[in-house]
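Have a look at the structure below, then the notes.
Quantities reported herein were computed from a predicted structural model and do not represent experimental measurements.
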Amino acid sequence: METKNSGSSLSKALTMLNHVCTSPVPLRFAELVELSELPKATAHRQLNTLLEHGLVRFDEHKQAYYPGYGLLALAHRTWANLDIRDVAAAPMRELWSSTQETIHLAVLDGAEVIYIDKLESPKSLRLYSAVGKKGPVYCTGVGKAMLAFLPDDKQQAVIEHQAFFRHTEHTLTTPDALKANLAQIREQGISLDLEEHEMGIKCAAAPIFNSRHEAVAAISVTAPAFRTSDEVYEAMKNQVKNAANTISKRLGACD
């Protein structure tokens, strides 16, 4: 006898939805009954509920069930409401633990970078950044990581708003130099700040993508130059890229 509690009903509906969504081919009613091991009446009732909410759709001609378009709308609202700080929290902590250096999470705010989260290095290090503070795009690792993957028209608009102030002797101070660097970043998937914003400070950053492959944020690891030998820096680049990929997958991005 079927249990009438809502939890049981929800579980059965989700089981049915999972079969429809994960099957490599569209399933007919009899196949869904067999897979779910539900009585026909129960299976029919659960499918009707899913149909009403647009989570599955029924093809009359093929007499088969498909994932519903309502899933797309639901997914869109879910991604839109995700707080990237929550999604990135665990990978940021893992990156901090493995590098013992300062970790930044940033997003673009118009033509500037805004830092939305930061984990301080347990070692001695004083940085310009702080949560809520804005910074330049053209000479920060996180800024260039996001800028490199903007559509051409949006990228150009951001570049046109840059002051190109020379912070250090290594700062890129022309649009052409920046664009050449952005092309390298786009090809390699990693952005470097080689003492461009602050002397004595190196940074490796990587873009974070959403389900539409838009660069919605960037994560970086920052360390003083005296602690970043070539070997250490190579490791940092790989670690930050892996962290960015993990966060991107959590946001629905595909490889």
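- In terms of modelled atom types and a separation under 3.5 Å, the side chain of T140 and the main chain of G143 share a donor-acceptor contact.
- The shortest non-hydrogen separation linking I190 to A206 is CD1-CB, 4.2 Å.
- For T171 (side chain) and R166 (main-chain N/O), no donor-acceptor pair under 3.5 Å exists by modelled atom type.
- Annotation: side-chain contact (heavy atoms from CB on, under 4.5 Å) contacts of S97 (sequence neighbours excluded): none.
- The structure places CG of N181 at 6.5 Å from OG of S191, a figure rounded to the nearest 0.5 Å.
- The number of heavy-atom neighbours closer than 6.0 Å to NE2 of H44, taken from other residues, nucleotides and ligands shown, is 12 or below.
- The shortest side-chain heavy-atom distance between M199 and H167 does not fall under the 4.5 Å cut-off.
- Looking only at side-chain heavy atoms (C-beta outward), Y65 and R57 stay at 4.5 Å or farther from each other.
- By the 4.5 Å heavy-atom criterion applied to side chains, V232 and R227 are not counted as neighbours.
- With sequence neighbours left out, the side-chain hydrogen bond (donor to acceptor under 3.5 Å, both in side chains) criterion links D109 to K134.
- Residues passing the side-chain hydrogen bond (donor to acceptor under 3.5 Å, both in side chains) test with R85, sequence neighbours excluded: D83.
- Under the 4.5 Å side-chain heavy-atom criterion for grouping Ile, Leu, Val, Met, Phe, Trp and Tyr, V25 is not connected to M16 through any hydrophobic cluster.
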Show me, pair by pair, the donor-acceptor contacts under 3.5 angstrom made by side chains of residues 145-156, not counting sequence neighbours?
{"from": "Q155", "atom 1": "NE2", "to": "L147", "atom 2": "O", "distance (Å)": "2.9"}
{"from": "Q156", "atom 1": "OE1", "to": "K179", "atom 2": "NZ", "distance (Å)": "2.9"}
{"from": "Q156", "atom 1": "NE2", "to": "E160", "atom 2": "OE2", "distance (Å)": "3.1"}

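- Taking both residues in full, the closest heavy atoms of Y115 and V142 are given as CE2-CG2, 4.1 Å, listed atom of the first, atom of the second, then distance.
- Here CG of D117 is found 9.0 Å from CD1 of I219. Values are rounded to the nearest 0.5 Å.
- Side-chain contact check for V137 versus L108: some heavy-atom pair is nearer than 4.5 Å.
- Residues passing the side-chain hydrogen bond (donor to acceptor under 3.5 Å, both in side chains) test with N245, sequence neighbours excluded: none.
- Atom SG of residue C21 and atom CG of residue L71 lie 5.0 Å apart, to the nearest 0.5 angstrom.
- Side-chain atoms of V87 and L251, non-hydrogen and from C-beta on, do get closer than 4.5 Å to each other.
- The line from OG of S36 to CG of L27 is 10.0 Å long, rounded to the nearest 0.5 Å.
- Between atom CZ of residue R45 and atom CG of residue L38 there is a gap of 9.5 Å, rounded to the nearest 0.5 Å.
- F58 and Y66 are members of different hydrophobic clusters when ILVMFWY side chains are connected at heavy-atom separations under 4.5 Å.
- Under the 4.5 Å side-chain criterion, counting only non-hydrogen atoms from C-beta, K118 is in contact with T102.
- By the ring-ring contact (aromatic ring centres under 6.0 Å, His included) test, H213 is found to be paired with F209, residues two or more places apart in sequence or in another chain being considered.
- Nearest heavy atom pair, residue E101 against residue P224, reads OE1-CD, 4.0 Å.
- At distances below 3.5 Å, at least one donor-acceptor pair connects side-chain atoms of T228 with backbone N or O atoms of A225.
- Here the side chains of I201 and D193 are not in contact, with every heavy-atom distance at 4.5 Å or above.
- Residues P122 and W96 have side chains in contact (heavy-atom distance under 4.5 Å, counting atoms from C-beta outward).
- Without hydrogens or angle criteria, S121 side chain to Q100 main chain gives a donor-acceptor distance under 3.5 Å.
- Residues passing the salt bridge (Lys or Arg N to Asp or Glu O under 4.0 Å) test with E214, sequence neighbours excluded: R212.
- Residues L105 and A88 share a closest heavy-atom pair of CD2-CB, 3.8 Å.
- Residue pairs meeting the ring-ring contact (aromatic ring centres under 6.0 Å, His included) criterion with at least one member in residues 14-38, sequence neighbours excluded, do not occur.
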Walk me through it: do Q239 and V221 pass the test side chain to side chain contact (heavy atoms under 4.5 Å, CB included)? CA-CA 9 Å; Q239 289 166 313; V221 54; over 6 Å; no
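- Between the side chain of Q63 and the backbone N or O of E60 there is at least one donor-acceptor pair closer than 3.5 Å.
- With sequence neighbours excluded, the residues satisfying salt bridge (Lys or Arg N to Asp or Glu O under 4.0 Å) with K237 are E234.
- One finds the CD atom of E120 at 10.0 Å from the OG1 atom of T222 (value rounded to the nearest 0.5 Å).
- Counting only distance, with no hydrogens or angles, the side chain of T22 and the backbone of N18 share a donor-acceptor pair below 3.5 Å.
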For V131 and I116, run side chain to side chain contact (heavy atoms under 4.5 Å, CB included): C-alpha distance rounded to whole Å, both residues' side-chain angles, the deciding distance at 0.1 Å, then the answer. CA-CA 5 Å; V131 173; I116 61 173; 5.6 Å; no
As a quick check of understanding, evaluate side chain to side chain contact (heavy atoms under 4.5 Å, CB included) for V107 and V216, giving each step before the final call. CA-CA 6 Å; V107 296; V216 293; over 6 Å; no
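- Looking at every heavy atom in both residues, V113 comes nearest to A106 through CG1-CB, 3.7 Å.
- Between V56 and L47, the closest heavy-atom pair is CG2-O, 4.1 Å.
- Distance alone, capped at 3.5 Å, places no donor-acceptor pair between the T168 side chain and the H197 backbone.
- A search for side-chain contact (heavy atoms from CB on, under 4.5 Å) contacts involving F164 returns Y138, I159, Q162, P175, L178, not counting sequence neighbours.
- Here H161 pairs with nothing under the side-chain hydrogen bond (donor to acceptor under 3.5 Å, both in side chains) rule; sequence neighbours left out.
- Using modelled atom types, one side-chain atom of N242 and one backbone atom of N238 make a donor-acceptor pair closer than 3.5 Å.
- For K144, the salt bridge (Lys or Arg N to Asp or Glu O under 4.0 Å) partners at least two apart in sequence or on another chain are E196.
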